[in-house]
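I have placed the structure first, in the form of structure tokens, so that the comments after it can refer back to it.
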Amino acid sequence: MKFFIDTGDVAEIREAHSMGLVDGVTTNPSLIAKTGRKYKDVVVEICEIVNGPISAEVLSTTYDEMMGEAREWHKLHKNIVVKLPLIPDGLKAVRTCAQEGIHTNVTLCFSPNQALLAAKAGASYISPFIGRLDDISETGMELIEKIVTIYENYSYTTEVLVASVRNPTHVSDAAQLGADICTIPFPVMQQLIKHPLTDIGLKKFIDDSKKIPR
Ligand code: G3P
């Protein structure tokens with residue numbers, strides 16, 4: 001499974017990248033707003049750090065405006081994937097982008113049928129938001145299982161990008177289901193690394209190492 005990092009914080013991206021944990025990056029307007037920086041400036045800097053797919057979201061909601069933004073993002077860097085919302089005009093934009101060779105990530109997916117539509121329109125990636133489904137007492141991971149099955153049934157090439165990841169269990173469950181990618185916030189990546197037995201074991205090794213004659 002590929003790991004993307006879900007953030008607009010370039011310091012987090014550099015740190016995770018130095019551990020070999022970053023195959024790509026996803027951003028959204030909420031994440032960029034937290035940085036206090038211009039969206040374009042952040043994305044350009046990310047492209048300099050990571051040589052992989054970098055999702056940058058459109059800020060408009062009509063077909064013409066979204067296509068204008070999509071073409072601008074596409075011109076900026078070869079690795080930029082245009083993130084488009086799962087609405088009718090968004091699907092139209094996905095189709096046109098596919099015809100123009102612009103990679104797309106369809107965001108705000110909450111149902112198997114929405115994922116099916118995105119694949120039919122020609123999306124490169126589908127982003128089901130599992131944490132937000134968990135938040136309303138549904139089971140987000142069941143959506144991943146259904147989408148993986150549907151895409152396998154019809155050999156769609158759209159990659160399943162598990163988003164709205166909130167904890168390490170989301171990551172291991174997504175991997176067991178065969179999702180293509182998990183986009184992970186940096187704090188969750190840090191949680192993935194930690195195990196109390198690792199810390200206890202390391203402390204014992206360090207303590208015992210002091211008893212070794214030098
Ligand atoms: O990539 C989408 C993701 O960032 C949404 O996460 O935690 O805001 O639901 P969250």
Side-chain angles (χ1 to χ4, degrees), residues 1-13 15-17 21-37 39 42-43 45-47 49-50 52-61 66 69-70 73 79-87 90-91 93-94 97 103-112 114-115 118-119 123-144 147-148 158-175 177 179-192:
M1 185 171 67
K2 283 173 274 188
F3 272 26
F4 288 5
I5 185 166
D6 195 29
T7 186
D9 183 331
V10 291
E12 291 182 349
I13 295 169
E15 178 67 10
H17 189 248
L21 299 179
V22 180
D23 300 306
V25 181
T26 51
T27 66
N28 64 41
S30 305
L31 293 170
I32 298 298
K34 282 188 207 166
T35 70
R37 301 176 63 197
Y39 205 157
V42 175
V43 170
E45 192 170 344
I46 294 172
C47 289
I49 303 167
V50 178
I54 313 297
S55 285
E57 190 156 340
V58 299
L59 306 179
S60 53
T61 53
M66 284 190 278
E69 288 190 66
W73 279 128
N79 286 343
I80 293 179
V81 173
V82 179
K83 219 169 165 186
L84 294 158
L86 218 157
I87 57 175
L91 291 174
V94 169
C97 283
H103 290 147
T104 54
N105 174 0
V106 177
T107 189
L108 293 165
C109 171
F110 293 97
S111 79
Q114 286 183 314
S124 316
Y125 304 91
I126 184 71
S127 286
F129 277 30
I130 57 167
R132 292 192 194 183
L133 283 171
D134 291 353
D135 289 345
I136 58 162
S137 303
E138 294 193 24
T139 306
M141 207 48 71
E142 286 175 6
L143 174 59
I144 302 304
I147 297 171
V148 167
T158 305
E159 293 192 60
V160 180
L161 197 173
V162 179
S164 187
V165 165
R166 303 276 174 77
N167 57 60
T169 307
H170 280 157
V171 178
S172 51
D173 285 352
L177 290 173
D180 300 284
I181 306 147
C182 216
T183 189
I184 309 169
F186 185 62
V188 176
M189 278 192 188
Q190 289 175 306
Q191 287 177 306
L192 295 178

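Atoms within each ligand, like the ligands themselves, are counted from 1 in listed order. Hydrogens, waters and symmetry mates play no part in the numbers below; they use all other heavy atoms, side chains included.
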Side-chain heavy atoms of [X] within contact of [Y], under 4.5 Å:
X    : Y    : result
W73  : V43  : yes
L133 : F129 : no
N105 : L161 : yes
V160 : Y125 : no

Is it the case that ligand 1 has an N or O less than 3.5 angstrom from some N or O of S164? yes

CG of D135 to OG of S164, rounded to nearest 0.5 Å, is 6.5 Å

Between atom CD of E159 and atom NE2 of H103, what is the distance when rounded to the nearest 0.5 Å? 9.5 Å

Under 4.0 Å from a heavy atom of [X]: which atoms of ligand 1 are those, numbered in the order shown and with their elements?
X    : value
F129 : 2 (C), 5 (C)
K83  : 1 (O)
R132 : 5 (C), 8 (O), 9 (O), 10 (P)

Going by heavy-atom distance to atom 3 (C) of ligand 1, choose the closest among D6, T107, N105. D6

Identity and separation of the nearest protein heavy atom to atom 7 (O) of ligand 1: R166 NE, 3.0 Å

Record the part of N28 in heavy-atom contact with ligand 1 below 4.0 Å; permitted values are side chain, backbone, both and neither. side chain

